[in-house]
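Reading through the structure tokens given below for one structure.
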Amino acid sequence: MPELPEVETVVRGLRTPLIGRTVQSMWYDWGRTIHSPDPQEFAARIAGQTFRAINRRAKYILCEMDSDILVIHLKMTGRLYVTPDDAVHDVDKWVHFCLQLDNGHQLRFSDSRKFGKVYLTDDISRITGGLGPEPLSDDFTPAVLRARLQGRQRAIKALLLEQGFIAGMGNIYADEALHRAGIHPLQPANSLSDTQIDQLYATIRAALQAGIDYEGASISWYRKPDGTAGESQKHFFVYGREGQSCSTCGHPIEKIRVAQRGTHYCPVCQPRSLE
DNA sequence: CGGACAACCTGGCGGC
DNA sequence: TGCCGCCAGGTTGTCC
């Protein structure tokens with residue numbers, strides 16, 4: 001599923017087709033896609049509102065409407081795109097939520113696994129209030145990372161996946177950042193040296209920025225709003241490369257399980273800490 | 001705090 | 001081809 005770089009790419013791709021468009025009506029065929037309010041109120045409230053701005057917080061897509069924020073989380077398999085009403089050639093049986101726009105187009109939310117959620121709210125803090133710092137923002141500094149690691153004994157990989165610790169990282173970019181930093185995924189978070197923290201800070205941002213620059217990773221389901229694939233997956237150092245040679249040292253990449261998630265790393269470039 | 005695990009769902013893939 | 005088990009980018013809730 002989409003992580004921060006994929007969500008950022010979707011947000012950028014939706015601005016042009018959506019900003020200035022007014023919603024005429026709402027359609028859905030899977031009730032649990034609509035998190036809140038209930039579908040009847042959702043439809044009544046969003047009709048007539050115009051898209052004013054589209055932004056991102058962690059993996060949440062935030063569409064500023066006139067008096068509410070339309071929030072969308074893609075979870076594992078969500079896709080968002082704008083298409084003409086009569087795009088019958090576009091047979092997508094996984095569309096479960098759709099907004100009719102005022103220009104003969106529709107915003108469609110396709111989601112094969114049905115984990116994705118849409119919200120309509122005037123109080124965004126109820127959704128995003130518990131999130132940790134945004135890793136690419138100016139507020140996130142090496143000192144912030146160091147302070148947040150204090151006293152945390154969990155494996156560093158597990159911590160990077162906690163959205164309350166740092167927002168927007170997911171399984172792919174956590175593995176990529178740890179490899180770039182030369183840190184073993186099981187190293188206890190509070191055992192990182194200052195040097196390792198500085199490296200990890202830099203590589204978290206570098207891995208995420210590379211993902212954005214390559215317009216996201218098209219592994220299985222992710223596509224940009226224009227339907228084309230991102231290129232980020234062609235540049236992974238470790239994710240999905242189990243058994244293949246490390247591009248840095250040539251040793252085969254290994255796969256283990258950390259916090260119940262598949263975890264890829266190079267045992268040579270990312271040695272276990274001796275502490 | 002944290003670790004394990006089940007839920008939520010469906011599709012793709014490898015193995016037999 | 002068909003069936004089966006396993007795996008999957010996320011998040012939340014429960015239990016110990």
Side-chain angles (χ1 to χ4, degrees), chain A residues 1-10 28-36 56-61 71-80 91-97 109-119 126-132 135 148-178 185-191 207-208 210-212 214-224 229-243 255-264:
Chain A
M1 157 342 294
E3 303 181 26
L4 186 155
E6 289 72 35
V7 177
E8 177 65 27
T9 302
V10 170
Y28 71 102
D29 74 349
W30 187 257
R32 272 172 284 204
T33 295
I34 299 173
H35 183 280
S36 57
R56 175 190 63 73
R57 172 75 170 105
K59 302 170 194 170
Y60 291 91
I61 295 163
V71 183
I72 301 162
H73 197 302
L74 303 173
K75 290 290 179 78
M76 299 282 267
T77 54
R79 288 183 188 172
L80 274 178
V91 182
D92 182 346
K93 65 178 180 181
W94 298 294
V95 173
H96 299 300
F97 177 88
F109 183 29
S110 169
D111 184 16
S112 70
R113 282 178 77 174
K114 299 177 178 169
F115 287 176
K117 294 281 184 274
V118 299
Y119 315 66
R126 294 181 59 180
I127 298 171
T128 61
L131 293 170
R148 297 182 74 82
L149 289 167
Q150 286 278 329
R152 302 301 301 267
Q153 297 193 323
R154 300 194 74 180
I156 184 62
K157 164 75 185 277
L159 211 49
L160 292 181
L161 294 177
E162 274 186 27
Q163 299 302 295
F165 178 78
I166 182 171
M169 294 289 290
N171 205 38
I172 292 177
Y173 295 97
D175 283 0
E176 293 297 313
L178 287 170
L186 285 173
Q187 182 168 345
N190 63 356
S191 76
L208 293 173
I212 292 172
Y214 290 122
E215 300 186 293
S218 283
I219 296 173
S220 69
W221 291 89
Y222 167 76
R223 289 295 182 281
K224 294 186 277 176
E231 305 279 312
S232 177
Q233 72 283 356
K234 298 178 181 174
H235 304 274
F236 291 159
F237 289 100
V238 288
Y239 184 83
R241 299 192 66 246
E242 179 185 9
K255 183 175 182 182
I256 58 175
R257 208 151 260 276
V258 179
Q260 290 79 242
R261 309 298 299 279
T263 297
H264 315 73

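Convention: sequence-line order gives letters A, B, ...; per-chain numbering from 1. Since this is a predicted model, take the numbers as computed values, not measurements.
Atom CD of A:Q260 is separated from atom P of C:dC7 by 13 Å (rounded to the nearest Å). The nearest whole Å value for the distance from the CD atom in A:E6 to the P atom in C:dA8 is 17 Å. Between the C1' atom of B:dT10 and the CG atom of A:D29 lies a distance of 14 Å, rounded to the nearest Å. Distance CZ (A:F165) to C1' (C:dT11): 18 Å, rounded to an integer number of Å. C:dT11 atom P lies 12 Å from atom CZ of A:R57, rounded to whole Å. The CD1 atom of A:I72 sits 16 Å away from the C1' atom of C:dG10 (whole-angstrom rounding). Nucleotide C:dA8 holds its P atom 20 Å from the CZ atom of A:R79, rounded to whole Å. Between A:D92 atom CG and B:dG11 atom C1' the separation is 14 Å, expressed in whole Å.
In terms of phosphate contacts, A:R257 brings a side-chain nitrogen or oxygen within less than 4.0 Å of OP1 or OP2 of C:dA8. Applying the 4.0 Å criterion to OP1 and OP2 of C:dG10, one finds that A:R261 has a side-chain N or O inside that range. In this structure, A:R152 reaches the B:dG2 phosphate: one of its side-chain N or O atoms is under 4.0 Å from OP1 or OP2. The shortest distance between the side-chain N/O atoms of A:K117 and the OP1/OP2 oxygens of C:dT11 is not below 4.0 Å. Here A:H73 does not reach the OP1 or OP2 of C:dG10: none of its side-chain N or O atoms lies under 4.0 Å away. The side chain of A:K114 contributes no N or O atom lying less than 4.0 Å from OP1 or OP2 of C:dG10. Applying the 4.0 Å criterion to OP1 and OP2 of B:dT10, one finds that A:K93 has every side-chain N and O outside that range.
Inspection of the A:K224 and A:T9 side chains reveals no N or O donor paired with an N or O acceptor under 3.5 Å.
Judged by the 6.0 Å and 45° rule, A:R79 forms no cation-pi pair with A:F109.
Looking at heavy atoms from C-beta onward, A:D175 lies in side-chain contact with A:K157 at the 4.5 angstrom threshold. A heavy-atom distance below 4.5 Å is found between the side chains of A:Y60 and A:Y119.
Counting any heavy atom pair closer than 4.0 Å across all strands shown, A:A158 reaches no nucleic acid atom. Counting any heavy atom pair closer than 4.0 Å across all strands shown, A:Q163 reaches sugar-phosphate atoms only and no base atom. As judged by a 4.0 angstrom heavy-atom cut-off over every strand, A:Y173 is placed among residues making no nucleic acid contact.
Residues A:W94 and A:W30 place their aromatic rings such that the two centres sit no closer than 6.0 Å. If you look at A:Y214 and A:H235, their ring centroids are closer than 6.0 Å.
In this structure, the nucleotide among B:dC9, C:dA8, C:dT11 sitting nearest to the side chain of A:M76 is C:dA8. In this structure, the nucleotide among C:dC7, B:dC8, B:dG11 sitting nearest to the side chain of A:F115 is B:dC8. For A:R154, taking side-chain heavy atoms from C-beta onward, the closest of the listed nucleotides C:dC7, B:dG11, B:dG3 is B:dG3. Of the candidates C:dC7, C:dT11, B:dG11, B:dG11 carries the atom nearest the A:W221 side chain, counting heavy atoms from C-beta on.
Distance noted for atom P between B:dG11 and C:dT11: 22 Å (whole Å). Comparing the P positions of B:dC5 and C:dC7 gives a spacing of 13 Å, expressed to the nearest Å.
Residue-to-nucleotide proximity on DNA chain C shows that, of A:Y60 and A:K255, the 5′-proximal contact is made by A:K255.
Across the strands present, B:dC9 finds no partner; the criterion is a Watson-Crick or G-U wobble pair with both atom distances under 3.5 angstrom.
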